[in-house]
Amino acid sequence: MTRHASRPGPPAPAETWRAGSAQERRDGSAQGRRDGTVQGRRDGTALWRRAAGAALVAAVAGTAGWGFHRVFPDPGLLLAVVPAATAPAAVAALARSRPLWLALALDVVLWFAGTIPLYQGVEPGIVADVANSWHALLTTLLPAQPEPRLLVLVHTLVWAAATIGAETVARTRTRIVAAVPALLVFGAALLLGVDGEGSNLPVAAALFVLVAALALLRDDRPPLWLLAGIPAAAALAALALVVGPLLPIAARPYNPRDAADLPPPRQVDSVSPLDRVSAWLQIPDRELFTVEAGEPLNWRLAVLDRYDGVRWTSGASFRATGGRVPEGEWTGEVDVVRQKVTFDGLPGTWLPAAERPEQVSGVRGLAVDPESGALIAERAPARGTSYEVTSRVPKPSKEDLLAATPANDPSLTAFPAGPQERLFQRLAQEATKGATTPITQAYRLQRYLRTSASYDVTAPPGHSLKGLEFFLQTTHRGTSEQFASAFALMARTLGLPSRVVVGFRPGQESGGVYHVRSGHVMAWAEIKFDGLGWRPFYPTPGRSGAKDDHDVVSSSIEESEKLESELGKGGSDRPEPSRPKPTGDGDEPANGPPAWVWASVAGGALLAAYAGVVVALPWWRRRRRRRAQGPELRVLGAWRQACDDLGLKGRDALTAEDVVVQQSGEIAANIAPLAEIFNYVRYAPDTTTEDAATAAWQRSDAVRRAVRAATPLTTRLRDRLLLR
């Protein structure tokens with residue numbers, strides 16, 4: 001029997017399904033692996049972009065916060081900025097899939113925790129500090145001290161910007177909206193840092209590059225776009241660094257401190273340093289402080305410029321500062337002197353320093369009077385406390401002194417009502433008889449007091465008008481308290497603005513350290529001159545039989561005697577006041593900066609519009625004033641035009657007399673008649689004639705020509721570009 005090989009038949013339906021299912025599983029597994037790989041890559045890319053976006057938002061917020069470096073030029077600023085920029089970004093990345101309220105609640109908790117390192121503990125009044133820090137910074141002379149109550153504002157602003165930006169990046173698909181809060185923070189830093197040192201242009205350039213990188217990243221562009229786009233943004237930022245300082249707004253930025261309400265004058269001490277002079281002289285060996293300095297100088301303590309007939313007080317308006325002291329009027333030659341002062345029993349909150357300080361370090365709660373340069377501390381420094389001061393001691397030339405004119409300040413020439421004024425005026429006129437210049441009047445008044453009375457530490461204290469009258473007419477003996485007070489009041493009767501200063505002689509020198517004791521206390525007087533500022537005068541004679549006059553006083557007395565001797569030879573030796581030399585040929589200044597600058601910033605259209613305004617606006621303003629209806633309005637227009645040409649636009653508080661006394665030379669010769677016409681029109685406008693209006697404009701045009709001749713071309717060009 002033959003056996004045939006059997007051929008397999010078609011598979012059963014179940015077998016077919018199982019075979020197909022296995023194949024599908026194999027195909028599906030491969031496809032799944034491919035899809036998983038793609039999805040993994042997508043997830044990896046998304047994770048990378050989210051992490052990079054959070055990092056960029058943190059960098060933008062931190063960079064914006066660093067814009068406050070002009071307010072707080074101290075490494076302590078990093079303690080406020082770094083946690084505030086990074087913590088919200090980390091919260092947004094970790095809580096991306098959680099409800100928004102949960103992330104915000106965590107941000108608030110971490111914000112409060114971030115203030116603990118600032119305050120070095122928990123501060124219950126932190127909310128009040130945030131609310132009050134704005135005004136405190138606006139009334140502070142920059143740099144501000146890195147106090148927690150001030151730094152908390154930066155910490156809060158940066159934290160808010162980083163929180164909004166990070167949550168926006170994590171929960172939306174917007175491009176650069178996340179950077180807007182940080183840009184607002186940078187704007188606040190620009191406003192609050194107008195008076196600060198340094199520049200925020202590099203910070204602005206860094207912000208531009210970071211925002212450009214964030215925009216490219218959020219646009220889902222490949223990484224190569226970032227490699228190409230960031231250098232391009234950096235190139236534009238570099239161009240902005242070059243062009244930025246050339247913009248008109250850079251020369252005169254808006255300063256919010258000009259509109260801030262200053263705090264009321266601070267009560268310094270219950271006892272005036274001038275009232276302590278006699279008491280200190282009775283115990284002359286009491287150690288007060290030491291000074292490490294390269295040369296002996298008078299150490300100024302307190303400045304007293306208000307007198308009520310009984311005592312001298314200070315009218316200073318002290319403002320908080322991180323160490324910078326505003327410059328005085330003197331801009332000529334100076335000696336830079338560095339001092340290190342260490343307290344050793346000096347009472348009160350006044351801080352001694354050589355005149356005029358420009359930088360102070362090592363004092364917490366430091367405040368300064370911008371007018372006098374006087375320094376005080378928030379609390380009386382403890383024994384052993386040290387601080388460092390850099391002073392710029394003025395060194396005017398003989399010509400500067402001889403040409404000096406007294407400043408016009410009625411508050412500094414005020415004399416209390418009473419019968420003593422006639423006595424002080426008579427004695428002052430006798431002492432200065434024959435003096436032809438203000439400086440020689442002051443020197444002769446100084447010599448008169450030094451030679452007509454004697455120095456006596458046992459003389460009764462006090463500087464009331466009755467006491468000074470008794471000193472001048474009867475006893476003829478006193479301490480520097482009476483001599484300085486009498487000099488200042490006698491000078492006021494001559495129209496010389498004066499004040500009294502309390503300070504100390506250099507002290508006993510030992511190894512470069514000056515030991516100042518209570519017996520070194522001294523009061524002197526100062527007179528204010530235009531351009532020179534305050535000049536010291538020493539009317540107190542030396543103690544009989546003792547060497548009381550040190551190098552500072554002796555050199556000042558010798559200088560005054562030499563100048564008096566030279567003037568005694570004849571008035572022809574007096575030098576003429578220096579005037580700025582005319583610059584330019586009288587042509588109108590150019591109508592704008594070079595075209596390429598404007599083309600690079602805003603294009604040709606903006607250049608044309610701005611140039612048109614620069615040319616047309618001053619011309620139109622003069623034309624409108626010159627053609628006003630009625631001669632009285634034309635006179636008023638001529639006066640306003642002259643004031644604008646003198647750079648006094650906006651200073652409406654100045655009277656016509658104030659404007660006149662500030663001028664000299666050809667300007668004064670034309671502004672004075674114009675002021676007379678202006679004052680006449682103000683009080684009798686109905687009687688103004690066309691001839692008065694014509695004469696007023698002739699004087700106004702002459703003032704304008706004189707100002708242009710005395711103003712450098714670069715200054716005129718800048719003023720024209722700023723539409724002054």
Legend entry - Test applied, ring pair (Phe, Tyr, Trp, His ring centres under 6.0 Å); reference residue, Phe483; option that passes from Trp524, Phe537, Phe471: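 The residue from Trp524, Phe537, Phe471 that satisfies ring pair (Phe, Tyr, Trp, His ring centres under 6.0 Å) with Phe483 turns out to be Phe471.
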Inset, instruction - Let me know which of Trp299, Tyr514, Phe289 forms a ring pair (Phe, Tyr, Trp, His ring centres under 6.0 Å) with Phe504. - result: Phe289
Looking at [X] and [Y], what are the two nearest heavy atoms and their distance?
X      : Y      : result
Pro497 : Ala407 : CG-O, 3.4 Å
Gly384 : Thr342 : O-CG2, 3.9 Å
Arg306 : Ser411 : NH2-OG, 3.9 Å
Gly322 : Gln145 : CA-CG, 3.4 Å
Gln339 : Thr390 : NE2-C, 4.4 Å

Looking at [X] and [Y], would you say the former's side chain and the latter's main chain have a donor-acceptor pair under 3.5 Å?
X      : Y      : result
His135 : Asn132 : no
Ser485 : His463 : no
Asp400 : Ser397 : yes
Asp308 : Arg311 : yes
Thr493 : Met490 : yes
Asp305 : Gly315 : yes

Inset, instruction - Just do the ring-ring contact (aromatic ring centres under 6.0 Å, His included) check on Tyr538 and Phe487 with the steps written out, would you? - result: CA-CA 9 Å; Tyr538 304 98; Phe487 178 96; 9.8 Å; no
Inset, instruction - Considering only NZ, NE, NH1 and NH2 on the basic side and carboxylate oxygens on the acidic side, decide whether Asp335 and Arg392 come within less than 4.0 Å. - result: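 Salt bridge absent between Asp335 and Arg392.
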Inset, instruction - Tell me yes or no: between the side chains of Asp530 and Gln662, is some donor less than 3.5 Å from an acceptor? - result: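 No donor-acceptor contact under 3.5 Å links the two side chains.
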Inset, instruction - Indicate whether any N or O donor in one side chain lies under 3.5 Å from an N or O acceptor in the other, for Arg492 and Ser498. - result: yes
Legend entry - Cationic tip of Arg356 above Trp330 ring, under 6.0 Å, 45° of axis: no
Inset, instruction - Scan Arg276, Arg286, Glu287, Gln282 and name whichever one has a side-chain contact (heavy atoms from CB on, under 4.5 Å) with Ser518. - result: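 Single pass found, and it is Arg286.
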Legend entry - Option among Thr458, Asp456, Val457 that satisfies the side-chain contact (heavy atoms from CB on, under 4.5 Å) test with Leu281: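 Checked Thr458, Asp456, Val457 against Leu281; only one passes side-chain contact (heavy atoms from CB on, under 4.5 Å): Val457.
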Inset, instruction - Can you establish whether the number of heavy atoms outside Arg426 located under 6.0 Å from its atom CZ is more than 12? - result: yes
